[in-house]
Enquirer: 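There's a structure below that I have some questions on.
Hydrogens, waters and symmetry mates play no part in the numbers below; they use all other heavy atoms, side chains included. Counting starts at 1 for both ligands and their atoms, following the listed order.
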Amino acid sequence: MRISMISEHASPLAALGGVDAGGQNVHVAALSAALAARGHRVTVYTRRDSPDLPARVAAGERFEVVHVDAGPPTQVPKDSLLPYMAQLARGVAADWGQEPPDLVHGHFWMSGLASLEAARAGTGSGYPVPVVQTFHALGSVKRRHQGAQDTSPAERSWLEPAVGRTADRIIATCSDEVFELKALGVPGTKISVAPCGVNLELFTPEGPAERRTRRHRIATVGRLVPRKGVDLAIRALRELKDGGLDDVELLVVGGSSGPDGLAVDPEARRLTALAAELGVADQVVLRGQVPQAQMPALLRGVDAVVCAPWYEPFGIVPLEAMACGVPVVAAAVGGLIDTVVHGKTGLHVPPQDPAALAGALAELLARPELARQLGRAGRRRVCARYSWERVAAETEKAYQLARAAVDAALDPVEGQAL
Ligand code: UDP
């Protein structure tokens with residue numbers, strides 16, 4: 001197939017760990033590469049956010065990235081990008097010319113709008129372009145948890161469900177998302193489930209590990225935004241200390257890069273102040289952004305990875321930890337309910353509960369053989385279920401269903417829409 005992906009804010013070529021660059025970037029990059037490896041031709045369209053970017057970049061065999069002019073060629077927060085989606089759609093349709101792809105796959109709700117618009121404008125061959133949509137995150141969930149702090153445009157509350165109802169097929173990344181999509185009015189028959197994956201060659205249990213002191217070491221990894229719950233991990237350090245366990249170091253990975261960047265990063269400053277207030281400042285190390293290539297060595301050097309988000313649409317970090325044979329202590333929310341198996345590959349705790357987090361960490365740190373056992377099982381689980389090859393195969397099935405849905409809506413004699 002000739003596949004177009006639209007990922008308006010999350011370029012597969014971006015550095016990871018900033019406020020708007022995380023799992024979606026990884027997902028689009030790795031899924032595209034895995035689909036290309038299966039023989040498809042994949043073009044990812046993303047917004048030009050710097051004047052220096054070339055128009056087209058070959059990202060691999062049969063896989064290219066196209067930077068489309070849509071709004072100013074500068075960094076713009078993703079929640080301010082809605083006004084530029086029509087321009088993005090026009091740019092994509094213009095690039096297709098008279099040869100539209102076999103399918104367009106939108107990532108995030110705004111790219112869904114651009115995909116539907118490009119598909120409508122770009123039916124050069126007369127055959128409708130099927131639209132597949134992955135939301136990555138849902139505004140309804142975000143609003144429930146973030147309330148007034150949610151900076152999404154108001155239009156998201158009606159445009160996102162409309163994308164869900166209009167696209168030919170929706171790919172949910174976990175079972176929790178299926179319930180949320182149904183609650184938005186998306187028919188269950190239109191939803192496929194294909195999770196995110198993990199690079200099993202890069203993230204391995206064997207290989208170099210970061211050197212460490214004799215202290216226990218735990219880590220949080222991700223974009224440094226409040227909903228990732230890093231503050232809960234810091235509060236858990238205080239709980240551990242109160243329980244007599246103070247030789248624990250917490251690495252906080254993500255956020256701005258370099259010490260200068262961290263000094264002005266609002267979330268980094270909030271976390272630093274909290275650690276000082278709780279008397280655990282000497283146990284918290286803010287590492288800032290770490291390139292993905294260095295992540296496996298970092299993960300191999302920790303006793304456990306803590307994922308304590310308020311909510312989590314999927315969460316690739318637990319897969320990366322499990323792939324490195326590291327146990328995960330995870331809030332039982334969203335995708336983490338599917339990926340982490342309590343007592344088998346890690347421990348689940350209730351969300352927003354630092355005492356429960358501390359309890360789970362204390363258990364793992366006191367029982368290294370249990371931690372090793374969970375880590376080994378984690379590796380087995382990701383190898384069995386979460387390779388990008390497998391995710392690409394699941395995605396391909398969803399693409400076939402989308403094409404079948406479009407075919408079924410065509411007049412069998414004339415080949416025209418009924
Ligand atoms: N990441 C990274 N460097 C950082 C912080 C994060 O490479 O400094 C990567 C991390 O390894 C993972 C991704 O960014 O691959 C985060 O994905 P996840 O799904 O966990 O969170 P999201 O960003 O989608 O909320």
Enquirer: Got a salt bridge between Arg47 and Glu8, using NZ or NE/NH1/NH2 to carboxylate O under 4.0 Å?
Expert: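 Between Glu8 and Arg47 there is no salt bridge, as every charged N stays at least 4.0 Å from the carboxylate O atoms.
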Enquirer: Counting each atom of ligand 1 from 1 as listed, which ones have a heavy atom of Val290 under 4.0 Å away?
Expert: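 Near Val290, meaning under 4.0 Å from one of its heavy atoms, ligand 1 has 2 (C), 3 (N), 4 (C), 7 (O), 8 (O).
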Enquirer: Need the ligand 1 atom indices (1-based, order shown) with element for anything under 4.0 Å from a heavy-atom of Lys228.
Expert: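 Close to Lys228: 21 (O), 22 (P), 25 (O).
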Enquirer: With atoms numbered from 1 as shown, which atoms in ligand 1 lie under 4.0 angstrom from a non-hydrogen atom of Gly315?
Expert: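 With Gly315 as reference, the close atoms of ligand 1 come out as 19 (O), 20 (O).
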Enquirer: Quick one: does Arg227 get within less than 4.0 Å of ligand 1, heavy atoms only?
Expert: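 Per 4.0 Å heavy-atom rule, Arg227 contacts ligand 1.
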Enquirer: Short list, please: which atoms of ligand 1 are under 4.0 Å from a heavy atom of Val253?
Expert: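 Taking each heavy atom of Val253 in turn, ligand 1 has 8 (O) under 4.0 Å.
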Enquirer: Quick check on Arg287 - does any of its heavy atoms sit under 4.0 Å from an atom of ligand 1?
Expert: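 No, that is not the case, since the closest heavy atom of the residue is not under 4.0 Å from the ligand.
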Enquirer: Geometry only, no angles: is Arg223 polar-contacting ligand 1 at N/O separations under 3.5 Å?
Expert: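 Yes, Arg223 has an N/O under 3.5 Å of an N/O on ligand 1.
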Enquirer: Taking the six-membered ring for Trp, are Trp96 and Tyr45 parallel (under 30°), tilted (30 to 60°) or perpendicular (over 60°)?
Expert: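 Perpendicular.
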Enquirer: Would a 4.5 Å heavy-atom cut-off, applied to side chains only, mark Val57 and Pro54 as touching?
Expert: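 Yes, side chains in contact.
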Enquirer: Which atoms of ligand 1 sit under 4.0 Å from any heavy atom of Glu320?
Expert: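 Within the 4.0 Å cut-off of Glu320, ligand 1 contributes 10 (C), 11 (O), 12 (C), 15 (O).
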Enquirer: Kindly confirm or rule out an N or O of Val26 lying under 3.5 angstrom from an N or O of ligand 1.
Expert: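 Between Val26 and ligand 1, no N or O pair is found under 3.5 Å apart.
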Enquirer: Might you work through the side chain to side chain donor-acceptor pair (under 3.5 Å) test for Thr204 and Arg379, ending with a clear yes or no?
Expert: CA-CA 8 Å; Thr204 55; Arg379 174 74 194 177; 5.7 Å; no
Enquirer: Short list, please: which atoms of ligand 1 are under 4.0 Å from a heavy atom of Gln289?
Expert: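 Counting atoms of ligand 1 from 1, those under 4.0 Å from Gln289 are 8 (O).
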Enquirer: Examine Gly222 against ligand 1 and note whether any of their N/O atoms are separated by less than 3.5 Å.
Expert: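 Not met; the criterion fails.
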Enquirer: Would you call Glu363-Arg367 a salt bridge at under 4.0 Å N-O?
Expert: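 Looking at Glu363 and Arg367, the cut-off is met.
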Enquirer: Return the option from Gln292, His136, Met295 holding the heavy atom at the smallest distance from atom 1 (N) of ligand 1.
Expert: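 It is Met295 that holds the nearest heavy atom.
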Enquirer: May I ask you to decide whether Arg214 forms a salt bridge with Asp247, counting only side-chain N to carboxylate O separations under 4.0 Å?
Expert: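 No, Arg214 and Asp247 are not salt-bridged.
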Enquirer: Quiz question: by atom type and distance under 3.5 Å, do the side chains of His107 and His136 form a donor-acceptor pair?
Expert: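 Checked: His107/His136 side chains pair up, N/O donor to acceptor below 3.5 Å.
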Enquirer: As a quick check of understanding, evaluate side chain to side chain contact (heavy atoms under 4.5 Å, CB included) for Ser192 and Leu401, giving each step before the final call.
Expert: CA-CA 9 Å; Ser192 296; Leu401 290 169; 4.0 Å; yes
Enquirer: So that I know where these two stand, are His145 and Tyr311 an aromatic pair - ring centroids less than 6.0 Å apart?
Expert: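 Under 6.0 Å, so yes.
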Enquirer: Looking at ligand 1, does any of its N/O atoms fall within less than 3.5 Å of an N/O of Ile316?
Expert: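 Yes.
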